[in-house]
Q: 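Okay, handing you the structure first.
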Amino acid sequence: MRKLKNEELDRPNLEQFKQAGKLPVVIVMDNVRSMHNVGSAFRTADAFAIESIALCGITAQPPHREIHKTALGATESVEWKHYDSTKAACEALRAEGYSIMAIEQVEGSISLNDFKPSSDQKIAIVFGNEVFGVEDEIVALADGCLEIPQFGTKHSLNISVTVGVVLWDLVTKMKLA
């Protein structure tokens, strides 16, 4: 066994990637403070060919050195838009036919492993602030809340980890099924 070189991975170039089909999923970042989390979301969105990212409220926007540090150029390949508020983003996405799903621990949440999206369902996934989670107002207007099963003593995962877990789950259900 040997490790493959980058040129052996057969990845598309930037223009090919922009023209390629995307999973109909939008990442909605609800007032995320850490630029490293923002950069990580871009990089993960690129890896899984996610449609776009909505950066809301205080969430930092590219170009920024701290975002680039973890995005490694994915801010150039992944479409993004800034909204003054997460509510405005969700309302705009709902008008475009997206189901709004928040990642949050709430009464009646759907365990991520039980969530069954169709391969063509348009989904906007809201990821919350590192301290406060998804705003209550957004939880109330969401079509549902998804929760990642956890078995340890901590109550949450870092946003960058959560984005990776949720997007991989959606890719396996919507694209690889």
Q: Before accepting this row, confirm whether a basic side-chain N of the pair Arg94/Glu91 lies closer than 4.0 Å to the acidic partner's carboxylate O.
A: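 Between Glu91 and Arg94 there is no salt bridge, as every charged N stays at least 4.0 Å from the carboxylate O atoms.
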Q: Might you confirm whether atom NZ of Lys5 has over 12 heavy atoms from other residues, nucleotides or ligands at distances under 6.0 Å?
A: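 Counting neighbours around NZ of Lys5, 12 or fewer heavy atoms of other residues, nucleotides or ligands fall under 6.0 Å, so no.
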Q: Side-chain heavy atoms under 4.5 angstrom apart, residues restricted to Ile, Leu, Val, Met, Phe, Trp, Tyr: same cluster for Met35 and Met29?
A: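 Cluster IDs for Met35 and Met29 match.
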Q: Go through the steps for Thr59 and Tyr83 under the test side chain to side chain contact (heavy atoms under 4.5 Å, CB included), then give the verdict.
A: CA-CA 9 Å; Thr59 305; Tyr83 294 85; over 6 Å; no
Q: Without swapping roles, check the side chain of Ser111 against the backbone of Asp114 for a donor-acceptor pair under 3.5 Å.
A: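 Not confirmed, Ser111 side chain does not pair with Asp114 backbone.
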Q: Step through the shown structure and confirm whether more than 12 heavy atoms of other residues, nucleotides or ligands are within 6.0 Å of NZ on Lys81.
A: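 12 or below, so no.
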Q: State, to 0.1 Å, how close Thr44 and Gly164 come at their nearest heavy-atom pair, and which atoms those are.
A: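 So the two residues come closest at CG2-CA, 3.9 Å.
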Q: Flag yes if more than 12 heavy atoms outside Asp84 fall under 6.0 Å of its CG atom; otherwise flag no.
A: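 Counting other residues, nucleotides and ligands, CG of Asp84 stays at 12 neighbours or fewer.
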Q: Are side-chain heavy atoms of Phe127 and Val28 found at a separation under 4.5 Å?
A: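 No, too far: nothing below the 4.5 Å cut-off.
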Q: To the closest 0.5 Å, what do you measure between CG (Asp46) and OG (Ser77)?
A: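 Reported to 0.5 Å precision, the distance equals 3.5 Å.
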Q: Closest heavy-atom contact between Gly128 and Ile159?
A: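 Reported closest heavy-atom pair: O-CD1, 2.9 Å.
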Q: What are the two closest non-hydrogen atoms of Pro149 and Asn113, and how far apart are they?
A: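 That closest heavy-atom pairing would be CG-OD1, 3.3 Å.
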Q: Using atom types as modelled and distance alone, determine if a side-chain donor or acceptor of His68 lies under 3.5 Å from a backbone N or O of Pro62.
A: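 No, His68 side chain to Pro62 backbone: no donor-acceptor pair under 3.5 Å.
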Q: A quick test of your reading: do over 12 heavy atoms of other residues, nucleotides or ligands sit less than 6.0 Å from CG of Asn158?
A: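 Counting other residues, nucleotides and ligands, CG of Asn158 exceeds 12 neighbours.
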Q: Quick check: do Asn129 and Asp30 have side-chain heavy atoms less than 4.5 Å from each other?
A: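 No, too far: nothing below the 4.5 Å cut-off.
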Q: Are Leu112 and Leu23 connected in a single hydrophobic cluster, I mean Ile/Leu/Val/Met/Phe/Trp/Tyr linked by side-chain heavy atoms less than 4.5 Å apart?
A: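 Yes, it is one cluster - the side chains of Leu23 and Leu112 are joined through contacts under 4.5 Å.
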Q: With side chains defined as the heavy atoms from C-beta onward, is the minimum distance between Met174 and Val25 less than 4.5 Å?
A: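 Yes; the side chains approach each other to less than 4.5 Å.
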Q: Below 4.5 Å, heavy atoms only, C-beta onward: do Lys69 and His36 meet side chain to side chain?
A: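 Yes, at least one pair of side-chain atoms sits under 4.5 Å.
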Q: Taking the side chain as every heavy atom from C-beta outward, state whether Ile125 and Val163 have any pair of such atoms under 4.5 Å apart.
A: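 Answer no - side chains too far apart.
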Q: Considering only NZ, NE, NH1 and NH2 on the basic side and carboxylate oxygens on the acidic side, decide whether Glu8 and Arg2 come within less than 4.0 Å.
A: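 Salt bridge: yes.
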Q: Do the charged groups of Lys87 and Glu137 touch, with an N to O distance under 4.0 Å?
A: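 Yes.
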Q: Report yes or no: is the cationic atom of Lys22 (NZ for Lys, CZ for Arg) closer than 6.0 Å to the six-membered ring centre of Phe17, at no more than 45° off its axis?
A: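 Yes, Lys22 lies over the aromatic ring of Phe17.
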Q: Find out if a path of hydrophobic residues (ILVMFWY) with successive side-chain heavy-atom gaps under 4.5 Å connects Ile110 to Leu141.
A: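 No; tracing contacts between hydrophobic side chains, which count when under 4.5 Å, never links both residues.
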Q: Between Gln16 and Asn13 (side chain of the first, backbone of the second, donor and acceptor by atom type, cut-off under 3.5 Å), is there such a pair?
A: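 A pair under 3.5 Å: yes.
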Q: Contact between Phe48 and Lys175 at the side-chain level, heavy atoms closer than 4.5 Å - yes or no?
A: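 No; the side chains remain at least 4.5 Å from each other.
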Q: For a 4.5 angstrom cut-off between non-hydrogen side-chain atoms, does Ile148 reach Val166?
A: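 When only atoms from C-beta onward are counted, Val166 and Ile148 do touch, with a gap below 4.5 Å.
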Q: Give a yes or no answer on whether the side chain of Ser52 reaches the backbone of Val26 with a donor-acceptor pair at less than 3.5 Å.
A: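 Flag not set: sc Ser52 to bb Val26 has no pair under 3.5 Å.
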Q: Kindly give the heavy-atom pair with the smallest separation between Glu135 and Asn31, and that separation in Å.
A: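 Shortest heavy-atom separation between Glu135 and Asn31 comes out as OE2-ND2, 2.8 Å.
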Q: Tell me whether Ile138 shares a hydrophobic cluster with Ile53, the cluster being built from Ile, Leu, Val, Met, Phe, Trp, Tyr side chains joined at under 4.5 Å.
A: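 Per the 4.5 Å side-chain linkage, Ile138 and Ile53 are not co-clustered.
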Q: Please enumerate all residues that pass side chain to side chain contact (heavy atoms under 4.5 Å, CB included) together with Ser109, with sequence neighbours excluded.
A: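 If we apply the side chain to side chain contact (heavy atoms under 4.5 Å, CB included) test to Ser109, skipping adjacent residues, the hits are Val106, Cys145, Glu147.
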Q: Judged by atom type as modelled, is there a donor-acceptor pair below 3.5 Å linking the side chain of Lys122 to the main-chain atoms of Glu96?
A: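 Yes, the answer is positive, given that a donor and an acceptor are paired below the 3.5 Å cut-off.
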Q: Take Phe42 and Leu55, measure what side chain to side chain contact (heavy atoms under 4.5 Å, CB included) needs, and give me the verdict at the end.
A: CA-CA 11 Å; Phe42 270 96; Leu55 305 171; 4.3 Å; yes
Q: Do you know the tightest heavy-atom contact between Ala89 and Cys56?
A: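 The pair with the smallest heavy-atom distance is CB-SG, 3.6 Å.
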Q: Check whether Ile123 and Leu146 end up in the same hydrophobic cluster, where Ile, Leu, Val, Met, Phe, Trp and Tyr are linked by side-chain heavy atoms less than 4.5 Å apart.
A: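 Yes.
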Q: Let's go through Ile103 and Val134 carefully: what are the C-alpha distance in whole Å and the side-chain angles of both, what is the deciding distance for side chain to side chain contact (heavy atoms under 4.5 Å, CB included) to 0.1 Å, and is it a yes or a no?
A: CA-CA 7 Å; Ile103 306 299; Val134 176; 5.5 Å; no
Q: Mind listing the closest non-hydrogen atom pair of Val38 and Ala60 along with its distance?
A: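 Taking Val38 first and Ala60 second, the nearest heavy atoms are CG1-O, 3.9 Å.
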Q: Do Arg33 and Val131 make a side-chain contact, defined as non-hydrogen atoms from C-beta onward lying under 4.5 Å apart?
A: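 They are in side-chain contact.
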